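Below: the structure, in structure tokens.
For clarity, every value in this text was computed on a predicted model and none was experimentally measured. In the text below, chain A, chain B and the rest are named by the order of the sequence lines, each starting its count at 1.
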There are 2 protein chains.
Amino acid sequence: MSNYNAVSQDLIKKLAEIIGDKYVISDPDRMDPYSHDEVTDPKYKKMPEVVVLPANAQEISQIVKLAAANNVPVIARGGGTGLTSASVPFKGGIVLSVERMNKIIGIDKENMFMEVEPGVTTGDVQKAANEQGFLYAGDPCSGDSSFIGGNVATNAGGNKAVKYGTTRHQVNGVEIVTAEGEIVTFGGKCKKDSTGYSLLNLVIGSEGTLGIITKCYLKLVPLAKNVMDVLAVFPDLKTAIGIVPKIMSAGIMPMCVEFMDNESIKCCEKFLNEKLPNSENGYYIIISIEGDNEELLEDQCVTIDEMATEHGAMTVLAADPARIWKARKAYAEADRARSLIFSMEDLVVPVDKIPQTVEKIAELGEKYNIAIHCAGHAGDGNIHANILKDQLSDEEWNEKLPKLQNEIYTAVYQVGGKLSGEHGIGYKRVKLLEQYANPVELKMMKAIKQALDPKNILNPGKVIDIG
Amino acid sequence: MSNYNAVSQDLIKKLAEIIGDKYVISDPDRMDPYSHDEVTDPKYKKMPEVVVLPANAQEISQIVKLAAANNVPVIARGGGTGLTSASVPFKGGIVLSVERMNKIIGIDKENMFMEVEPGVTTGDVQKAANEQGFLYAGDPCSGDSSFIGGNVATNAGGNKAVKYGTTRHQVNGVEIVTAEGEIVTFGGKCKKDSTGYSLLNLVIGSEGTLGIITKCYLKLVPLAKNVMDVLAVFPDLKTAIGIVPKIMSAGIMPMCVEFMDNESIKCCEKFLNEKLPNSENGYYIIISIEGDNEELLEDQCVTIDEMATEHGAMTVLAADPARIWKARKAYAEADRARSLIFSMEDLVVPVDKIPQTVEKIAELGEKYNIAIHCAGHAGDGNIHANILKDQLSDEEWNEKLPKLQNEIYTAVYQVGGKLSGEHGIGYKRVKLLEQYANPVELKMMKAIKQALDPKNILNPGKVIDIG
């Protein structure tokens with residue numbers, strides 16, 4: 001259908017009656033920050049018709065009911081740190097920011113759960129867990145500013161996913177507001193559940209298209225007493241990635257296993273204006289291990305060092321986390337400093353397919369004469385390929401990028417890979433999903449969206465387009 | 001609708017054309033084993049109209065298309081070890097056993113995955129993993145005879161779920177045949193995936209109602225070199241369960257944490273005809289820990305021993321797994337020996353709510369004058385309450401059981417619990433789910449079933465009844 005109504009003055013008045021005047025924003029200057037996420041390309045910007053800042057699930061319920069009755073979309077928004085424009089209102093409508101719902105409701109130490117509102121930053125969740133001797137294992141790179149609700153909505157990944165899984169694995173329950181404006185909880189504090197279909201897991205990663213998350217039950221794990229980091233530098237990516245299964249088969253379960261290709265290292269070196277180890281020709285593997293027993297961890301570091309050296313590492317550095325993580329943490333920022341506009345791909349492949357995939361990407365970069373920097377989560381096959389616009393004109397960029405992406409994803413799908421490891425589909429990848437997902441899978445996704453949101457009110461045109 | 005057609009001779013002929021004469025069974029004697037699962041109550045038995053034993057997904061696809069065209073249900077069946085009559089054809093139709101699809105397709109050591117057909121027993125999966133130095137962490141008690149496909153379809157739990165999660169957490173991908181007879185794969189060998197809705201997780205635990213599982217991609221983890229077991233006996237259940245969070249907060253992540261109430265211990269003692277420790281008045285907690293470093297594990301055993309003793313344990317035994325696990329493993333069999341007909345409840349509550357829940361169940365047992373034995377997975381709040389028919393007449397049993405169950409589940413839901421931790425809803429608990437699930441959740445489950453299987457062909461009347 002897609003024939004939504006415009007947000008009328010009357011609707012704005014009714015929204016103000018629900019949540020109070022000061023929490024309804026319609027002034028363009030104040031709405032501007034809600035018109036985009038972290039994607040810097042101006043074509044992924046769209047001004048909301050109105051922004052609302054509700055205080056609780058009851059208010060969200062009323063807003064959704066009102067929107068549905070008026071045939072106006074509702075686009076839920078977290079911290080705005082998304083990388084797929086999932087929270088941008090391309091079909092118009094009400095942007096609903098959960099920023100005021102930022103309370104940590106409670107920490108249940110006995111059952112090891114934290115109950116939070118969706119607008120708490122991931123960093124605050126982590127801090128609150130640490131203060132009680134626990135770890136919240138979700139750890140996306142944007143954690144300082146991303147909201148936990150957004151993490152759940154996109155099934156965010158991050159550095160610790162190799163050991164702990166993605167956000168999906170940290171979430172035991174959610175309360176949502178449905179497309180009909182009903183409030184319902186899936187899961188909760190039971191550690192197991194085989195009570196019917198897992199609607200919990202369906203909502204996780206659905207990017208606000210099947211329900212608006214209003215509360216999360218997060219799992220906590222004991223906080224390890226020690227963390228140690230190792231940087232191993234290899235002469236090529238294949239050798240570098242080859243170390244990953246060897247370490248795991250040796251019974252070491254790292255918390256993080258990251259990689260950076262040589263172009264990324266060079267770009268970071270320039271950005272940081274500081275010499276990085278073996279930047280001339282090195283490929284980095286960064287490993288963090290954690291545990292309570294310091295001696296055992298030191299033994300594991302020695303084992304990793306020995307294995308890496310035997311496996312052809314040129315340099316192995318340990319025990320200086322600031323130095324070791326510096327380049328990896330500067331990766332996205334360094335690319336942005338070089339080229340304000342870039343496309344961050346988030347592809348994922350089986351771990352052993354990383355080398356050939358990165359090689360293929362490098363080849364394609366040369367073919368199109370476009371710089372592509374690869375880094376990411378080696379432990380789970382998640383490659384961030386930053387495709388840099390650099391000096392290309394808008395015309396050239398808009399013509400070349402889709403062709404390049406198509407060649408990349410053709411290669412990715414040939415080795416059993418997928419479009420997104422952790423950023424989601426959002427708006428940016430809807431067409432790519434149409435193209436690369438199995439048609440049966442796509443049909444089933446659409447049938448589910450249609451069944452749960454027949455008016456297509458919740459974040460329409462994201463993930464899949466049934467409009 | 002529910003107005004299915006009977007399986008005609010013509011349909012049987014067509015089935016034989018698809019899979020071959022010898023794999024179509026219509027002789028009642030040979031069909032009898034397919035008329036029930038492990039539930040011994042005769043009212044949960046129903047003879048199939050025909051049983052088919054396909055060899056692969058292509059044959060299943062053709063069978064489902066044929067069934068849909070003829071308006072005949074298809075009921076997928078694994079090892080027949082279910083406890084909810086999920087695979088019994090109460091609405092008639094074709095029982096489709098995957099017993100011939102019993103190949104381990106391959107073990108990918110680099111990526112740590114095993115690709116299997118659904119008819120492989122869980123035990124064979126575990127064995128094959130162990131032989132390559134890996135652990136397959138799914139471990140339902142019926143593992144020797146249950147099929148991996150059935151484990152996935154019910155999201156089976158088991159002893160190791162406290163550390164590794166349920167079957168859901170061991171499965172990275174499935175191939176299914178949809179209600180339209182299409183073959184599609186969700187997930188695969190990518191360790192991360194945020195590429196649209198998680199249909200993988202929707203299918204896991206859907207008990208053959210949304211698709212028939214024809215292949216599974218299972219995660220493997222490194223096999224720990226050592227396992228150690230501890231039995232701690234406490235004077236009451238509250239004290240016993242109280243030790244669980246203490247151990248976990250001490251940074252020890254056990255692989256198993258099981259419990260048994262005193263009635264269960266006594267029943268096992270009688271069944272085994274052998275004195276069990278503190279059987280007069282004890283409550284058992286059984287803990288297994290695993291790791292590569294033997295010394296560290298021994299230290300952890302000492303810590304557990306000290307914590308348990310300080311916490312009021314009457315006896316702590318270590319290092320004799322056969323003796324320690326004997327009673328727990330005999331639990332269901334002992335109850336069956338005492339009362340052939342019994343109802344095994346599979347409720348799950350937040351861990352700290354186990355004691356009050358088990359106390360409430362004991363109270364209700366007294367009120368109804370029915371013996372109820374509780375044991376289960378203390379680490380994840382999963383209580384198996386065996387309600388024994390004993391000498392009750394069928395009339396008394398059929399009258400009292402639903403009332404007793406209603407009182408139990410009212411108490412369970414009051415503390416945030418659920419109907420099933422690991423056995424699923426199947427047929428036995430459909431009415432209970434109607435009664436206890438949130439109506440919005442139920443409505444959404446039905447909308448999904450309706451959207452993905454509009455003809456209601458796949459295992460109708462199980463989990464939810466849209467007929």
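The stretch residues 158-170 of chain B places Gly158(B), Ala161(B), Thr166(B), Arg168(B), His169(B) near chain A, each with some heavy atom under 4.5 Å from a heavy atom of that chain.
For the options Gly291(A), Gly421(A), Pro222(A), heavy-atom pairs under 4.5 Å to chain B are most numerous at Gly421(A). Heavy-atom pairs under 4.5 Å with chain B peak, among Ile252(A), Leu210(A), Asp292(A), at Leu210(A). Chain B forms the most heavy-atom pairs under 4.5 Å with one residue out of Gly196(A), Ala437(A), Pro439(A), and that residue is Gly196(A).
In this structure, the side chain of Ser194(A) does not engage the main chain of Ser420(B) through any donor-acceptor pair within 3.5 Å. Side-chain atoms of Ser198(A) never come within 3.5 Å of backbone atoms of Leu202(B) as a donor-acceptor pair (strictly under, hydrogens ignored).
Neither the backbone nor the side chain of Gln450(B) comes within contact range of chain A; no heavy atom of the residue lies under 4.5 Å from a heavy atom of that chain. Asn111(A) touches chain B through its side chain: at least one heavy atom from C-beta onward sits under 4.5 Å away, while N, CA, C and O do not. If you measure heavy-atom distances from Leu220(B) to chain A, you find no contacts under 4.5 Å at all. Proximity to chain B is limited to the side chain of Glu182(A), based on heavy atoms less than 4.5 angstrom apart. In this structure, the portions of Asn155(B) lying under 4.5 Å from any heavy atom of chain A include both its backbone and its side chain. Heavy atoms of Glu295(A) lying under 4.5 Å from chain B are absent altogether. Heavy-atom distances place both the backbone and the side chain of Asp352(B) under 4.5 Å from chain A. Residue contact with chain B, scored on non-hydrogen atoms closer than 4.5 Å, is absent for Leu200(A). Lys462(A) does not touch chain B: none of its heavy atoms, backbone or side chain, sits under 4.5 Å away.
For Glu207(A), the side-chain contact (heavy atoms from CB on, under 4.5 Å) partners two or more places apart in sequence, or in a different chain, are Thr84(A), Ala86(A), Thr154(A), Ile425(A), Val463(A). Every side-chain contact (heavy atoms from CB on, under 4.5 Å) that Ile464(A) has, sequence neighbours left out, goes to Leu433(A), Leu442(A), Met445(A), Lys446(A), Lys449(A), Ile466(A), Tyr197(B). Listed by chain and residue number, Lys418(A), Thr195(B) satisfy the side-chain contact (heavy atoms from CB on, under 4.5 Å) test with Asp193(B) (two or more places apart in sequence, or in another chain).
Exactly one residue among Lys192(B), Lys189(B), Lys191(B) makes a salt bridge (charged side-chain N to carboxylate O under 4.0 Å, His left out) with Asp380(A). That residue is Lys192(B).
Shortest non-hydrogen contact noted between Gly417(B) and Cys190(A) is CA-SG, 3.7 Å. Closest of all the heavy-atom pairs between Ala451(A) and Ala447(B) is CB-O, 3.6 Å.
Few gaps surround NZ on Lys443(B); more than 12 heavy atoms of other groups in view lie less than 6.0 Å from it.
Between Leu199(B) and Glu441(A) the shortest side-chain heavy-atom distance falls below 4.5 Å. With a 4.5 Å cut-off on side-chain heavy atoms, Asn438(A) and Thr185(B) do not count as touching.
The structure places OG1 of Thr178(B) at 6.0 Å from CE of Met444(A), a figure rounded to the nearest 0.5 Å.
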Evaluation steps, side chain to side chain contact (heavy atoms under 4.5 Å, CB included), between Ile204(B) and Asn201(A): CA-CA 10 Å; Ile204(B) 297 171; Asn201(A) 274 291; over 6 Å; no
